[in-house]
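Encoded as structure tokens, the structure appears first; notes follow it.
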Amino acid sequence: MKTLKNSTSKILLTEREKQVIELIVYEHSTIEIANLLYLSKETIKSHRGKIMFKLDVRNVAGIVREAILGNHITIGNQAHVS
């Protein structure tokens, strides 16, 4: 794994990246996320790659874990898109 992250660093996620994470947490597929956000599936894949890099994880399970443990998103009853 990468060693760019340390426990004192603040990870800066864009609002769009936070939206994508929230939709991932609620089990939406790449195509569903693209449709909900009016973006292409390739754009969603790009966001996911940037999120994985920023959170220093290797897969979607890591995104979910770090998003929750790092308080990057708030989990409610269901995902919403603003």
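Leu13 CG to His47 NE2: the interatomic distance, rounded to the nearest 0.5 Å, is 11.5 Å. With rounding to the nearest 0.5 Å, the separation of CD1 in Ile63 from CG in Leu55 is 6.5 Å.
With a 4.5 Å cut-off on side-chain heavy atoms, Glu22 and Gln19 do not count as touching. Side-chain contact between Lys50 and Glu17: present, with at least one pair of heavy atoms (C-beta onward) separated by less than 4.5 Å. Side-chain contact check for Glu32 versus Glu27: every heavy-atom pair is 4.5 Å or farther apart. Val60 has its side chain within reach of Arg48: a pair of non-hydrogen atoms, C-beta onward, lies under 4.5 Å apart.
In this structure, Ala67 and Ile21 approach most closely via the heavy-atom pair CB-CG2, 3.4 Å.
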Show every donor-acceptor pair shorter than 3.5 Å between a side-chain atom in residues 34-45 and any protein atom, with sequence neighbours excluded, or say none if there are none.
{"unit_1": "Asn35", "atom_1": "ND2", "unit_2": "Ile31", "atom_2": "O", "d": "3.4"}
{"unit_1": "Ser40", "atom_1": "OG", "unit_2": "Glu42", "atom_2": "N", "d": "3.4"}
{"unit_1": "Ser40", "atom_1": "OG", "unit_2": "Thr43", "atom_2": "N", "d": "3.0"}
{"unit_1": "Ser40", "atom_1": "OG", "unit_2": "Thr43", "atom_2": "OG1", "d": "2.9"}

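Of the possible polar contacts, one joining the Lys54 side chain to the Leu12 backbone as a donor-acceptor pair under 3.5 Å is found.
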